Amino acid sequence: MGIQDKKLLCIIKEMLKANIVMPNGKTVTPTKGTPQGGILSPLLSNVVLNELDWWISSQWETMPTHYPYKQKTNKQGTEIKNHTYRALRQSNLKEMYIVRYADDFKIFCRNYHDAKQAYIAVVKWLQDRLKLAVSEEKSTITDLKQRYSEFLGFKLKVKPKGKKFVVHSHMSDKAVKNAKKSISKCVKSMKRPSNEREQYKEIIQYNATVVGLHNYYRIATNVSLDFADIAFDIKKQINNRLDVKTNGTLTKGFIKERYGKSKQLRFLNGHPLIPVGYVQTKDAQHKRKIINKYTVDGREFIHKNLRIDVDTMLWLMRHPVLDKSIEFADNRISLFAAQYGKCAVTGVVLLPHDIYCHHKIPLEKGGTDSYANLVLITESIHKLIHATKEDTIQKYLIELGLTSKQLEKCNKLRTQAELPTI
């Protein structure tokens with residue numbers, strides 16, 4: 001198919017032939033297919049179906065016109081081809097657009113006649129050109145004015161609004177069922193923890209699950225109705241299983257910013273439980289064309305925008321410091337995002353086991369766990385801040401090799417801790 005990177009082809013070959021360990025402990029060498037949930041499937045689907053994308057595009061979107069109409073480009077890099085499309089609509093061409101994610105795709109047409117012909121053409125093209133069979137059970141022609149069509153956990157339908165039609169979208173029935181199941185599992189885990197620390201970890205898992213569902217499905221236009229249905233069942237379960245309170249204190253951080261105004265907010269042993277039913281629709285945003293993990297420029301742009309290490313942040317959420325307050329735990333996570341995952345003194349990237357949340361004014365001297373009194377630093381910097389012996393100070397100065405500006409920041413923290421400057 002034109003792929004000439006021999007290293008990539010060798011890696012793909014090894015992954016396809018990798019042995020599978022069965023439940024009984026035996027290993028089996030696969031003869032076909034790819035590992036479910038692996039990283040290979042999306043790569044291969046993009047390689048194989050790339051030709052389908054361009055073939056569908058050539059039938060309408062990229063069809064050349066006799067007159068070279070001027071085109072504009074929006075800030076995301078998408079071409080605005082209104083004049084071109086206006087000319088193409090005067091021809092006998094069938095207007096169609098493809099939306100694809102891995103091997104799941106939809107082709108949108110103007111009417112049933114065009115959709116029927118496009119369906120037959122695509123099925124034959126996939127069989128003849130790519131030797132791929134289309135699942136008849138999962139493939140169908142749907143009139144979006146009459147019935148819903150499901151795609152990636154959503155179900156879509158169009159309804160009239162004035163002289164036009166607008167999309168009405170919901171979570172799919174299966175997605176609602178799975179969401180109830182996963183949140184319910186988190187609620188059960190919070191019921192009888194072995195100790196307070198374990199319960200706090202389960203609360204964090206519950207909040208992460210709810211936020212994850214909100215973030216993914218909130219581009220649905222009727223998402224609030226779907227989560228209201230989910231919340232109705234979960235609320236009864238929480239009230240029956242857990243001793244929740246309506247009053248509690250929210251410190252500065254993500255939960256306060258997004259969910260602080262909700263009257264559905266509840267607290268378990270002082271810890272906030274994110275309300276399942278408090279979600280608002282957010283308009284889907286088009287990605288910039290330059291964002292592409294398959295090109296050098298695209299990957300560079302992704303890394304430029306990825307300011308924090310999400311894995312490290314999740315590690316902080318799942319490993320709260322023992323014997324510390326809720327405020328300290330929440331502010332520790334907020335500071336990691338605010339500092340872009342870097343040490344406040346040296347600017348080096350913070351690793352999970354080398355993160356220390358330092359009190360600027362020590363607790364024994366009147367300091368608090370407030371956001372303003374905390375800062376994230378490395379373990380070595382923390383030891384240097386509190387070092388009093390000259391040989392210890394010199395040891396860490398040599399080890400760290402601080403610049404004058406970094407030493408100034410370190411001395412400022414030493415001063416706040418009522419220690420002499422270096």
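By convention here, the first residue in the shown sequence is residue 1. Note that the structure is predicted; figures quoted are calculated from it, not measured.
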Does atom [atom1] ([X]) have a neighbourhood of more than 12 heavy atoms from anything else shown, all under 6.0 Å?
{"X": "E408", "atom1": "CD", "value": "no"}
{"X": "N24", "atom1": "CG", "value": "yes"}
{"X": "I120", "atom1": "CD1", "value": "yes"}
{"X": "F232", "atom1": "CZ", "value": "no"}
{"X": "N247", "atom1": "CG", "value": "no"}
{"X": "N19", "atom1": "CG", "value": "yes"}
{"X": "Y148", "atom1": "OH", "value": "yes"}
{"X": "K177", "atom1": "NZ", "value": "no"}

Would you say [X] and [Y] make side-chain contact, with heavy atoms under 4.5 Å?
{"X": "M171", "Y": "I230", "result": "yes"}
{"X": "Q199", "Y": "L268", "result": "yes"}
{"X": "L273", "Y": "L265", "result": "no"}
{"X": "H83", "Y": "R86", "result": "yes"}
{"X": "F154", "Y": "Y216", "result": "yes"}
{"X": "D283", "Y": "I219", "result": "no"}
{"X": "M63", "Y": "T84", "result": "no"}
{"X": "K412", "Y": "T415", "result": "no"}

Within the distance-only criterion (no hydrogens, no angle test), does the side chain of [X] pair as donor or acceptor with the backbone N or O of [Y] below 3.5 angstrom?
{"X": "E79", "Y": "T73", "answer": "no"}
{"X": "T65", "Y": "Y67", "answer": "yes"}
{"X": "S91", "Y": "L88", "answer": "yes"}
{"X": "T281", "Y": "A220", "answer": "yes"}
{"X": "R266", "Y": "V244", "answer": "no"}
{"X": "Q127", "Y": "K124", "answer": "no"}
{"X": "T62", "Y": "S57", "answer": "yes"}
{"X": "Y206", "Y": "I274", "answer": "yes"}
{"X": "D5", "Y": "L8", "answer": "yes"}
{"X": "D53", "Y": "N46", "answer": "no"}

Rounded to the nearest 0.5 Å, what separates atom [atom1] in [X] from atom [atom2] in [Y]?
{"X": "N111", "Y": "C109", "atom1": "CG", "atom2": "SG", "value": "7.5 Å"}
{"X": "D104", "Y": "E150", "atom1": "CG", "atom2": "CD", "value": "10.5 Å"}
{"X": "L384", "Y": "E379", "atom1": "CG", "atom2": "CD", "value": "12.0 Å"}
{"X": "F105", "Y": "L152", "atom1": "CZ", "atom2": "CG", "value": "12.5 Å"}
{"X": "H382", "Y": "L376", "atom1": "NE2", "atom2": "CG", "value": "12.0 Å"}
{"X": "T368", "Y": "L374", "atom1": "OG1", "atom2": "CG", "value": "7.0 Å"}

Do [X] and [Y] meet the criterion of a side-chain donor-acceptor pair at a distance under 3.5 Å?
{"X": "K94", "Y": "Q117", "result": "yes"}
{"X": "S184", "Y": "Q237", "result": "yes"}
{"X": "D369", "Y": "H359", "result": "yes"}

Salt bridge flag under 4.0 Å for residues E95 and R110: yes
Any salt bridge between R129 and E51, counting N to O under 4.0 Å? yes
Which heavy-atom pair separates [X] from [Y] by the least distance, and what is that distance?
{"X": "L400", "Y": "S380", "result": "CD2-CB, 3.8 Å"}
{"X": "Y217", "Y": "G153", "result": "CE2-O, 3.4 Å"}
{"X": "V279", "Y": "S224", "result": "O-CB, 3.9 Å"}
{"X": "I203", "Y": "P272", "result": "CG2-O, 3.8 Å"}
{"X": "L49", "Y": "A102", "result": "CD1-O, 3.6 Å"}
{"X": "L16", "Y": "T34", "result": "CD2-CG2, 3.6 Å"}

Worked check of side-chain contact (heavy atoms from CB on, under 4.5 Å) between T27 and I20: CA-CA 5 Å; T27 57; I20 300 173; over 6 Å; no
Check step by step if side-chain contact (heavy atoms from CB on, under 4.5 Å) holds for Q4 and L9. CA-CA 8 Å; Q4 299 182 23; L9 294 174; over 6 Å; no
Counterpart residues, side chain to side chain contact (heavy atoms under 4.5 Å, CB included), relative to [X] (two or more places apart):
{"X": "K145", "answer": "D143, V158, F165"}
{"X": "Q416", "answer": "K360, L413"}
{"X": "T209", "answer": "S182, I183, C186, Q205, L213"}

For H170, the option from D229, D226, T221 that meets side chain to side chain donor-acceptor pair (under 3.5 Å): D226
Describe, in one word, how the ring planes of H214 and Y259 are oriented to each other, choosing from parallel (under 30°), tilted (30 to 60°) and perpendicular (over 60°). tilted
Less than 6.0 angstrom separating the ring centers of Y69 and Y85, yes or no? no
Worked check of side-chain contact (heavy atoms from CB on, under 4.5 Å) between I11 and L40: CA-CA 10 Å; I11 292 171; L40 194 57; over 6 Å; no
For the pair F108 and V99, evaluate side-chain contact (heavy atoms from CB on, under 4.5 Å) and give the outcome as yes or no after the intermediate values. CA-CA 8 Å; F108 295 90; V99 179; 3.8 Å; yes
Assess whether salt bridge (charged side-chain N to carboxylate O under 4.0 Å, His left out) is satisfied between D243 and K245, documenting all intermediate values. CA-CA 7 Å; D243 183 21; K245 309 294 182 184; 3.5 Å; yes
Quick one: is the NZ or CZ of K106 closer than 6.0 Å to the six-membered ring centre of F151, and within 45° of its axis? no
